[in-house]
2 protein chains.
Amino acid sequence: MLPVPQLVERCRSAGMRMTPQRRAIFEFLEGNTDHPTAEAVFRAVHRRHPGISLATVYNTLDTLERLGELDRLELGGAAERFDPEVRPHQHFHCTRCGRVEDLFGDVPTPAVEGPVGCRVDRVRVQLVGLCATCRGRERPARRRGSSPQ
Amino acid sequence: MLPVPQLVERCRSAGMRMTPQRRAIFEFLEGNTDHPTAEAVFRAVHRRHPGISLATVYNTLDTLERLGELDRLELGGAAERFDPEVRPHQHFHCTRCGRVEDLFGDVPTPAVEGPVGCRVDRVRVQLVGLCATCRGRERPARRRGSSPQ
DNA sequence: GTACCTGCAAAGCGTTTGCTAATTC
DNA sequence: GAATTAGCAAACGCTTTGCAGGTAC
């Protein structure tokens with residue numbers, strides 16, 4: 001995602017109007033590496049703009065995605081997650097806590113070819129597993145008498 | 001997924017009971033390469049078992065997944081899709097018609113490392129774009145007078 | 001002033017759950 | 001006979017939509 005001032009300019013050029021709600025969403029997303037859900041964006045922006053509605057958040061996120069300034073992560077699970085980092089990169093997804101981490105690996109495009117005649121627009125690479133924190137919790141040091149539940 | 005007879009045996013060994021509904025779902029999935037949704041499985045099985053319910057389909061799919069005999073594709077979009085092919089492979093996903101094709105590429109695991117200390121259980125590679133058919137429809141041969149709508 | 005946008009509420013969709021009756025073993 | 005499973009329907013979570021009023025330009 002562009003820095004907010006330039007992003008605002010881009011939006012205006014695209015014929016969009018700059019509302020305080022949109023600006024607040026932009027500011028929350030800028031530099032955010034949490035890959036928030038729409039709900040999370042809503043909660044955060046709601047603090048400063050108590051009147052904002054979830055529908056507006058969805059609208060703005062859709063708009064940013066259409067402009068190519070935001071990625072929608074297809075990680076499965078209930079809620080969609082959004083990523084203001086649109087440069088090519090991959091993701092690590094912890095199945096226990098849901099945390100998503102950016103990975104800027106060496107080999108973004110694996111040597112896999114699509115079906116004959118198709119057009120490949122994007123290659124999505126997702127590493128799925130347990131993050132360091134959850135690994136510790138999953139396999140706790142066995143102590144006498146204690147058993148995990 | 002195992003062939004049905006062996007799958008049935010596995011299920012029984014796991015303490016599960018073999019109902020006609022389950023067997024019908026197994027038979028529909030065997031060799032299926034369409035990556036059907038739960039809804040699609042339901043529609044197909046419903047023809048022979050008009051009494052079956054969606055909940056039963058979901059239950060059975062969950063069970064198969066837990067046994068490792070079925071993969072749940074996290075492709076985003078509304079409905080989850082299921083894959084009886086559980087050997088490591090990738091997918092091509094057409095964003096226009098939704099078709100999903102299996103890809104058994106040369107390099108299943110891209111040279112990307114997970115975050116320090118994490119445990120990577122699975123690497124998911126998805127190629128996203130337009131299939132050959134949709135490519136033709138998306139960019140139709142320009143003819144005089146005709147314009148795409 | 002005129003679109004576009006917001007907020008609200010309701011609807012939509014896919015999935016899960018709670019319960020009773022039926023079935024498998 | 002005992003315990004799992006099926007069916008039904010309602011509840012659920014996330015997202016989208018329709019509309020009336022408000023706001024940026």
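The chains referred to below are lettered A, B, ... by the order of the sequence lines, with proteins before strands, and numbering in each begins at 1.
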* Check whether more than 12 heavy atoms from other residues, nucleotides or ligands sit under 6.0 Å from atom CZ of A/Arg48, and answer yes or no. => no
* Tell me, with the steps shown, if B/Glu27 and B/Arg23 meet side-chain contact (heavy atoms from CB on, under 4.5 Å). => CA-CA 6 Å; B/Glu27 285 166 357; B/Arg23 184 182 289 271; 3.6 Å; yes
* Asked: Once you build an axis from the first five pairs and another from the last five of the helix from C/dG1-D/dC25 to C/dC25-D/dG1, how far apart in angle are they, to 10 degrees?
  -> 40°
* Is it true that the side chains of A/Thr56 and A/Ser53 contain a donor and an acceptor less than 3.5 Å apart? -> yes
Tell me: [atom1] of [X] to [atom2] of [N], nearest whole Å?
| X | N | atom1 | atom2 | answer |
| --- | --- | --- | --- | --- |
| B/His49 | C/dT23 | NE2 | P | 13 Å |
| B/Arg22 | C/dA22 | CZ | C1' | 14 Å |
| B/Ile52 | C/dA21 | CD1 | C1' | 17 Å |
| B/Arg23 | D/dT4 | CZ | P | 21 Å |

* In Å and rounded to the nearest 0.5 Å, what is the CG to CZ distance from B/Leu64 to B/Phe82? -> 9.5 Å
* Structure fact -> Reading nucleotides 13-25 of chain D from 5' to 3' and marking B where a protein heavy atom lies under 4.0 Å of the base, S where only the sugar-phosphate is that close, and - otherwise, the string is -SBBB------BS
* To do: Using a 4.0 Å heavy-atom cut-off across all strands, classify A/Gly15 as base, sugar-phosphate, or nothing.
  => nothing
* For the residue pair B/His91 and B/His89, categorise the inter-ring angle as parallel (less than 30°), tilted (30 to 60°) or perpendicular (more than 60°). => perpendicular
* **Side chain B/Arg22, main chain B/Cys11, donor-acceptor under 3.5 Å** => no
* Tell me whether the OP1 or OP2 atom of C/dT23 has a side-chain N or O from B/Gln21 closer than 4.0 Å. => no
* Asked: A/Ser53 side chain N/O closer than 4.0 Å to the phosphate oxygens (OP1, OP2) of C/dC8?
  -> no
* When Ile, Leu, Val, Met, Phe, Trp and Tyr are grouped by side-chain heavy atoms lying under 4.5 Å apart, directly or through other members, which residues fall in the same group as A/Met16? -> A/Leu67
* For residues A/Gln126 and A/Glu74, report the shortest heavy-atom separation together with the two atoms involved. => NE2-O, 3.0 Å
